[in-house]
Amino acid sequence: MRAPAMLQCAAALAVLLAVAAPTAGFYLPGVAPSDFAKGDPLQVKVNKLTSIKTQLPYTYYSLPFCKPATIVDSAENLGEVLRGDRIENSPYVFQMREPKMCQIVCKATIDEKAAKELKEKIEDEYRVNMILDNLPLVVPIARQDKNSIAYQGGYHVGAKGQYTGSKDEKYFIHNHLSFTVKYHRDDDSELSRIVGFEVHPYSVKHQFDDKWNGADTRLSTCDPHASKFVTNSDSPQEVEAGKEIIFTYDVRFEDSEIKWASRWDTYLLMTDDQIHWFSIVNSLMIVLFLSGMVAMIMLRTLYRDISRYNQLETQEEAQEETGWKLVHGDVFRPPTNSDLLCVYVGTGVQFFGMLLVTMIFAVLGFLSPSNRGGLMTAMLLVWVLMGLLAGYTSSRLYKMFKGSEWKKITLQTAFLFPGVAFIIFFILNALIWGEKSSGAVPFTTMFALVLLWFGISVPLVFVGSYLGFKKPAMEPPVKTNKIPRQIPEQAWYMNPIFTILIGGILPFGAVFIELFFILTSIWLHQFYYIFGFLFLVFVILIITCAEITIVLCYFQLCSEDYMWWWRSYLTSGSSALYLFLYAAFYFFTKLQITKVVSGILYFGYMLLASYAFFVLTGTIGFCACFWFTRLIYSSVKID
């Protein structure tokens with residue numbers, strides 16, 4: 001019996017998987033802690049305005065808020081820019097552990113255009129995002145069903161309402177901010193570290209008796225000398241052209257037992273944590289049970305088949321064979337469009353490597369939320385570096401199919417998926433640009449992305465292809481006949497479309513619960529930081545993709561249908577169809593998007609994500625099936 005040749009793409013996946021032993025996550029901050037003495041200045045920074053109804057971010061100063069003397073942009077990494085973050089300084093400056101009440105920021109008179117913009121942002125429920133010592137600003141909200149507090153990222157620009165006795169709906173701006181800065185004090189040094197940043201926004205129509213004197217003006221609606229503070233929005237500030245708006249704030253400091261290393265724990269508490277944990281465990285149990293059943297069936301059936309085939313001695317017995325051994329002379333015949341298959345398998349290995357390496361770093365805590373934009377930056381850089389694996393895998397497979405033009409296959413691998421992704425991204429970016437949103441990627445960033453693609457990714461794909469093509473071609477365990485065998489008529493349940501659609505259900509079932517939380521974090525602007533569970537789900541996805549493809553491939557070969565190459569790829573890859581359908585279901589049931597542009601953005605990005613998922617799952621299924629066919633055909637005696 002001849003030992004099966006090592007499958008190259010499976011080897012690439014296995015090597016990458018071997019280094020991914022699950023580890024306990026720990027907090028590794030993106031920045032070093034900052035210590036503040038009493039009276040030290042605390043610089044509050046402002047970030048983008050966000051809305052779950054439009055998904056179009058805008059810069060803070062696109063609205064008529066108070067501005068500092070000079071607006072300074074903070075340095076942003078690639079991930080932050082792609083997320084639409086625009087971090088700038090603000091006129092809010094605190095002194096550590098020195099409370100302030102009724103501080104005037106500025107007085108602004110809004111014109112017709114500014115009033116219209118404010119009303120639009122209030123209508124679309126935009127939130128203002130701020131940052132202090134790398135902590136995002138949150139609004140504490142008491143949960144109705146529990147004696148605990150949930151946190152909403154950022155405060156609303158304003159609110160809609162009606163005056164008592166009136167049916168006319170008015171727009172009111174939140175012009176008074178009551179900040180709470182939580183700190184943890186070191187008893188030995190008296191230095192403090194910031195561990196929380198909260199706000200309660202109010203709408204107040206401020207009034208003053210004397211003449212306006214800038215920040216020193218004494219307000220009658222908020223006066224600490226008269227012990228008059230803002231605690232409600234009973235006399236709100238209406239948004240109307242020509243009216244003056246006085247912006248004010250309070251800041252108080254609260255000693256906290258929370259240590260600096262645990263300060264993100266509050267932000268990362270998910271609102272429906274029990275449902276999440278139960279669903280994940282339930283999903284794990286079901287999938288593991290199904291995987292065990294599939295593995296048992298496959299081992300018993302294959303063992304019986306191989307034993308029977310190896311015991312056939314006479315020519316007459318050999319001629320009466322049925323099942324998968326009959327097609328041994330055609331099973332490794334190159335498929336139609338073999339070049340395209342090589343390209344997709346190479347790209348899928350590139351995706352697998354990117355996700356695996358990124359998830360390992362995330363599980364170890366390197367990509368914590370404090371490292372804003374770090375996750376997206378890491379994914380992009382690892383994707384570019386994994387071009388080496390893409391080129392190597394596609395050229396090895398191409399050479400096995402007797403291909404000779406390795407440069408052509410290299411170019412297709414380097415440009416097919418990235419090219420499609422770039423075109424979709426460019427069109428969506430143009431739509432965002434048309435809406436004058438800060439989410440539009442600037443020309444310089446676009447140039448940097450193209451540079452990463454052409455300057456690093458493409459050369460690495462060429463290097464990988466060159467190394468792969470230099471190696472001897474993989475030899476199939478059995479010879480291929482010159483004349484193709486006729487495929488008998490298949491039963492209805494072995495119809496390619498039917499088996500492909502059935503094959504995608506199990507891999508999708510392994511991830512759809514986690515998918516809900518991922519979509520929520522992306523489109524409802526919540527934090528996602530349970531990468532340990534995500535890694536487990538990723539492992540289960542690999543197992544289910546491999547097993548369902550092997551099972552259906554085995555049934556196909558038993559039906560004497562040897563055209564398994566593309567079908568093995570499409571079987572597990574069809575889970576991407578269910579992912580896109582689920583994304584559409586999520587859009588209509590969970591999101592409140594009303595703008596056409598926002599809807600196009602959602603479905604455009606989800607189409608791209610589904611395409612990537614198709615490439616990933618299809619490659620896993622193909623590699624598993626390739627390994628399986630080589631294994632079984634090298635385990636039987638062929639005359």
Side-chain angles (χ1 to χ4, degrees), residues 1-12 298 301-342 344-346 392-406 409 468-490 494 496 549-569 571 621-639:
M1 188 188 301
R2 188 159 61 90
M6 179 60 73
L7 170 61
Q8 297 298 324
C9 63
M298 293 306 303
T301 309
L302 275 175
Y303 180 77
R304 190 179 67 243
D305 282 352
I306 291 169
S307 299
R308 190 177 79 244
Y309 287 144
N310 286 340
Q311 287 168 5
L312 295 175
E313 294 178 356
T314 66
Q315 189 68 28
E316 289 77 16
E317 284 179 314
Q319 287 175 353
E320 292 173 6
E321 290 173 16
T322 57
W324 52 267
K325 191 182 175 186
L326 273 178
V327 295
H328 67 82
D330 296 275
V331 74
F332 291 104
R333 188 180 303 281
T336 54
N337 297 318
S338 59
D339 289 11
L340 190 62
L341 182 63
C342 297
Y344 271 119
V345 172
Y392 180 83
T393 308
S394 60
S395 66
R396 293 289 288 136
L397 201 56
Y398 180 67
K399 191 169 185 180
M400 193 195 75
F401 290 147
K402 311 299 181 190
S404 56
E405 300 177 12
W406 70 275
I409 209 75
F469 206 76
K470 270 183 68 178
K471 286 204 152 197
M474 290 183 286
E475 293 297 332
V478 288
K479 292 182 179 179
T480 302
N481 296 334
K482 292 184 179 178
I483 301 173
R485 176 188 177 88
Q486 187 173 356
I487 299 171
E489 189 175 345
Q490 300 292 301
M494 289 308 295
T549 309
I550 288 172
V551 169
L552 292 175
C553 180
Y554 174 73
F555 291 151
Q556 181 185 347
L557 294 174
C558 286
S559 301
E560 299 177 28
D561 182 356
Y562 54 84
M563 301 180 72
W564 62 272
W565 299 94
W566 272 109
R567 200 190 289 196
S568 68
Y569 196 98
T571 296
F622 171 83
C623 287
C625 203
F626 193 18
W627 167 81
F628 171 73
T629 51
R630 294 181 72 90
L631 178 69
I632 63 172
Y633 283 101
S634 62
S635 301
V636 294
K637 292 184 288 187
I638 305 294
D639 295 327

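- The structure places CZ of Phe469 at 9.5 Å from CD of Glu405, a figure rounded to the nearest 0.5 Å.
- Proximity of a side-chain donor or acceptor of Tyr569 to a complementary backbone N or O of Tyr344 within less than 3.5 Å is detected.
- The line from CZ of Phe622 to SG of Cys553 is 10.0 Å long, rounded to the nearest 0.5 Å.
- With values rounded to the nearest 0.5 angstrom, Gln556 atom CD is found 11.0 Å from Thr629 atom OG1.
- Residues that satisfy the side-chain hydrogen bond (donor to acceptor under 3.5 Å, both in side chains) test with Ser395, not counting sequence neighbours, are absent from this structure.
- For Pro335, the side chain to side chain contact (heavy atoms under 4.5 Å, CB included) test picks out Ser338, Leu341, Phe401, Trp565, Trp566, with sequence neighbours left out.
- For the pair Phe332/Met400, no side-chain contact is recorded, criterion being any heavy-atom separation below 4.5 Å from C-beta on.
- The two residues Pro496 and Arg567 come nearest to each other via the heavy atoms CG-NH2, 3.3 Å.
- Side chain of Arg630 to backbone of Cys625: no donor-acceptor contact under 3.5 angstrom is found.
- Leu397 contributes atom CG, which lies 10.0 Å from atom CG of Asp339 (distance to the nearest 0.5 angstrom).
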